[in-house]
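Written out below as structure tokens is the structure these notes cover.
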Amino acid sequence: MAANIFEAEPIEGKKKRFLTAAFPYPNSPQHIGHARTYSVADTYARYLRHLGYNVLFPMAFHVTGTPIIAMAQRIAEGDKGVIDVLVNIYGIPKEKLPELTDPKKLVLYFSQEIEQGMKEMGFSIDWRRKFYTFDPHFNKFIEWQFHKLKKAGLLVKGSHPVAWSLKLNSAVGSHDTKGDVDPEIEEVVAIKFPFEDAYLLATTYRPETLFGLTNMWINPEGEYVKVRDKNSGEPYYISRGTLDNFSAQLDVEVVQEGIKGDYFIGKQCKNPANGEEVPIFPATFVDVESGTGIVMSVPAHAPFDYVALRDLGKEDMIKKIIDVPGYDIPAKDIVEEMHIINQQDPKLEQATKRVYKDENMKGKMLVWKEGMPVKEAKEAVKEWLINDGKALRYYIIANGPVYSRAGDKVVVKLVKDQWFINYGDKQWKEKAYKCLDRMKTIPPETKQELRNTIDWLDRKACTRSRGLGTKFPFDEGQMIESLSDSTIYPAFYTISHLIKEFSPEELTVEFFDYIFLGKGEPINEKHEAMRKSFTYWYPVDSRHSGPDLIRNHLSFYIMNHVAIFPEELWPKQIVINGFVLMNGKKMSKSLGNILPLRKAIKEHGADIIRFSVVSGSDLLQDTNFNRPLVEGIKQRLAFFDDMLKKNSGNGNSFADKWIRESVKAKLSTLLDEIERLDLREISKKWFYDFYHELKWYSDVKNGKVELDDVFDKWLIVLEPLLPFFVAERKGEKAVFEPLPKAEPYDERVIAAMNVARELYSDIANLIHMMEEKGKGKPTKLTVVIPAVWKYELFEKLKAEKGNLKAVYADESLAQHKEKIARITKALKSKLYSIPALPTRELFKQALEEAAHLFTTFGELHIVSEGECQHEKAKASLPLKPAVILE
RNA sequence: GCAGGGGUCGCCAAGUUUGGUCAAAGGCGCUAGGUUGAGGGCCUAGUCCCGUAGUGGGUUCGUGGGUUCAAAUCCCACCCCCUGCACCA
């Protein structure tokens, strides 16, 4: 396809549509799954062009953030998994790899690969507007965005826990960890137990059980350290293995090292809740790598503690402080029920889960605030301890240990002075709801999910210490986080090809204020042209994305638009489509079933890929890509091709009329289907159903095809779905041909031929059955056209909604009363929304044209019901004519 | 736990908003027949049960109730499954 036919510019007086699909993140080539969103968007763009709109569909590349850097580093490190995928699945030559260790070169390489794939797919993109999110011009645009947010008071500062690697000296996401584990951060309480001249620090999820404390557990083999909080001056004991995590959150100095666990054993410490002295016992189950390496012991409510205490023979110390229906002493009961023998028993994990769950759901406090549900007490005790200085808020990696790419254990760092976008702002949310209310979402159900997301959105950290992208304008040492720089970027497309005329230095806040908000005066004509381009194209008429982006990108997209732009420029529509499955399974590295897009195109052709991912299922459903589907499409395309080749002229037989009316019927609902983006329905009607109709048509006409006008319309409707197939036959200009208009059609003609089709298959069926039963082949078939009064009856029944009394009021029908009683039942089920009845005449015409097909079964006679004495003739009905085989 | 989505005739999957063309589309699989010669072909028919030379009857849409002349579709309760819970693209 010619490169420039989709370059779009404002045309005065012509209505426009601006479509965008989430831009790709080029940290690897794209596979067939990526093609779905773009295929849907492109198909839509093409339909809009056929509807006479000036359509802009641009594309760019998102290269901000850490995954790209991580990918380059992994290649540099020779990561086997990554290299295997790149070389063996995507077929990247090994010699290319060294070059890809540079993030910028990697981005360039993959983005070119992706762009090439998109071109091969025939996506109708205006490529002049392409940009990368690390382009200096774009950086300036993002800076402008953040100035706007700041001015609106939506940027705030605070502290924030993040998963952190000391070796990498940076925050880590799942792509930075060994095995791609996503580190989960969890808040716990670290309680201070006075011990000698310092505190033993013990973490817990269940501060409310502190009242049932009997002792402390320390691993006698473990190594401990004494540290001092430089701010408060308080000294704590914690295990050596947890020091990294601790010092990432508190500013501490190590006072004493190399303290062996048995130093504490046998000594006493104090319960901060009530001042009681409790002993310190040894326990091997204490993991010196997690928490603080010191554990508080509540044997009545924690199976581990109970078993360890039992092993020491000190069961009598137990203190029960929570009442749970169905239990005496919960931990003890469960340990006994599960026959747990000692501290090493793996069943203890499960036992712990059960106790925690039951106590949390049904437990009530017996002490402190008696009767308080455990659920509430947990929070209340925590707040009390922290506010009273008896405990610290502390964060741990819940699914730890997680190791970073560099090999060190991931810790939780409390980042001070972190910048946030305050999505929790109430007034801001109100605006977002307003936008959402007016917006159309396809499918409609996704609106609720967007609303829910906006509901719980809160502060979002918007800077990071590393990554490609834009520097944070209020702290040049930080980079803007990658989800925050891809919210209002569609606005940039409207000027991205024009802005290159300016140098980045010229792109001040005022410069953009004029373009996007109309503030101030243009500095020159080019500046003014950008304003014009923006106001022509904006707002975005349709935004296309996957369901995984509802939770973040799409919500931010709405939020940032309503924060920065005036109402008339808010997004108008969001379209969500599902994923692509390979043979029913999710594509994944581990399954090795990733089908690279360009490979797929080479194998099957772009049309087939487009059609497969777009037509196979409902929009939001995952669609399945597999061999039978592809073969089915290919085979039908070949059939259509054959029909097109045979075609010449315009026929005028009943079959020709039938096809024409049927196409008109399809056209009558097409606009609505495009509006709903129900590509599945469109494919079904115009591809699959049409295929069957054409087959019957061709059979009826003995292979003759005279459908110039029909094919003409049909090809235009099909163009967005199968652009290459159509372009080959109609030329490239077909892209802009108007969609055929809907016009009235005669349902009776369609019904007449359809009744004949059904009759044909009924007869084939019957004969088959007769042969099977050894009744021999008939030599004569008599089709009985139902009596006139039966048509009247049908119409009457329909009009009277099945009321027989009203039917009998009609004299001409009343005379058939007896028969009516018999056949009403058969008719009744079809009363409520029957298609139009074919008239006797039309049906006869259809039958006569198809007669030669019926003759293959035997000699064909067409008679009216009145002319036939055969018993079966009486059963003849308008949509189900009787046939007598003899 | 909170939120969202879902359970349909072997499998996948429409239908539910607007109750009646719903024994319930389509695809796969399976069965039978056809295609005069290979090919992960193609075509036709069947595929809940019983009956029948087609139009009949019965029992179905997670489970149990309810509303209605009529429920896969509406209401109530319950069971089960999936996804998300962020600072990461």
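Naming: A, B, ... by sequence-line order, numbering from 1 per chain.
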Between A/Thr669 and A/Lys685, what is the shortest heavy-atom contact and its length?
OG1-NZ, 3.0 Å

Does B/G41 pair with anything, Watson-Crick or G-U wobble, both distances under 3.5 Å, and if so, with which nucleotide?
B/U35

Atom CD1 of A/Ile576 and atom P of B/G5 are separated, to the nearest Å, by 14 Å

Within less than 4.0 Å of OP1 or OP2 of B/C12, is there a side-chain N or O belonging to A/Gln621?
no

Mind checking A/Lys695 for me? I need base, sugar-phosphate or nothing, with any heavy atom below 4.0 Å counting as a touch.
sugar-phosphate

Taking atom NZ of A/Lys586 as the centre, does the number of heavy atoms from other residues, nucleotides or ligands within less than 6.0 Å exceed 12?
no

Mind calculating the distance between CG (A/Asn624) and C1' (B/C11) to the nearest angstrom?
12 Å

Does any nucleotide pair with B/C85 by Watson-Crick or G-U wobble geometry, both distances under 3.5 Å, and what is it?
B/G1

Both distances below 3.5 Å, Watson-Crick or wobble geometry, any strand: find the nucleotide opposite B/G19.
none

For B/C74, give its Watson-Crick or G-U wobble partner with both distances under 3.5 Å, or none.
B/G66

If the P atom of B/G6 is compared with that of B/A14, how far apart are they to the nearest Å?
10 Å

For B/G62 and B/U73, measure between their C1' atoms and round to the nearest Å.
16 Å

Exercise: do A/Ser683 and A/Tyr688 side chains pair donor with acceptor under 3.5 Å:
no

In whole Å, I'd like the distance from the CD1 atom of A/Ile763 to the P atom of B/A53.
17 Å

I need the NZ-P distance between A/Lys685 and B/G26, as an integer number of Å.
15 Å

Among side-chain atoms of A/Ser170 and A/Arg466, is any donor-acceptor pair under 3.5 angstrom?
yes

Is the closest side-chain donor-acceptor distance between A/Arg405 and A/Gln73 under 3.5 Å?
yes

Assert: residue with more 5' nearest nucleotide on RNA chain B, out of A/Val883 and A/Glu445, is A/Glu445

For B/C82 and B/A77, measure between their C1' atoms and round to the nearest Å.
22 Å

What's the CG-C1' distance between A/Leu781 and B/A53, to the nearest Å?
13 Å

Centres of the A/Tyr489 and A/Phe138 rings: under 6.0 Å?
no

Using atom C1' of each nucleotide, how far apart are B/C88 and B/G40 to the nearest Å?
42 Å

Do A/Thr64 and A/Asp485 have a side chain donor and acceptor closer than 3.5 Å?
yes

Using whole Å, report how far CZ of A/Phe611 lies from P of B/G27.
13 Å

Please give, in whole Å, the distance from B/G5 P to A/Arg451 CZ?
13 Å

Counterpart base for B/G46, defined by Watson-Crick or G-U wobble contacts under 3.5 Å
B/C30

If you measure from the Lys or Arg side-chain nitrogens to the Asp or Glu carboxylate oxygens, is any gap between A/Asp672 and A/Arg676 under 4.0 Å?
yes

Inter-nucleotide C1' distance (B/G19, B/A72), Å rounded
10 Å

Watson-Crick or G-U wobble mate for B/A13, both contacts under 3.5 Å:
none

Closest contact, heavy atoms only, A/Ile550 versus A/Thr453:
O-CG2, 3.9 Å

Using 30° and 60° as the class limits, which term best fits the ring planes of A/Tyr423 and A/Phe556: parallel, tilted or perpendicular?
parallel

For B/A24 versus B/U47, give the span between their P atoms, rounded off to a whole number of Å.
10 Å

Grab the CG-C1' distance between A/Asp622 and B/C12 for me, whole Å please.
12 Å

Residues in residues 630-642 of chain A with a heavy atom under 4.0 Å of RNA chain B, by number, are A/Gln635

Base, backbone or nothing for each nucleotide of nucleotides 80-89 of chain B, written B, S, -, heavy atoms under 4.0 angstrom, 5' to 3'?
----S-BBBB

Looking at B/C43, I'd like to know if its phosphate oxygens (OP1 or OP2) sit under 4.0 Å from a side-chain N or O belonging to A/Tyr691.
yes

Nearest non-hydrogen partners of A/Ala756 and A/Phe854, listed with the distance:
O-CZ, 3.6 Å

If I pick the C1' atom on B/G37 and the same atom on B/G26, what distance separates them, to the nearest angstrom?
34 Å

Pairwise P distance, B/G46 and B/A25 [rounded to whole Å]:
12 Å

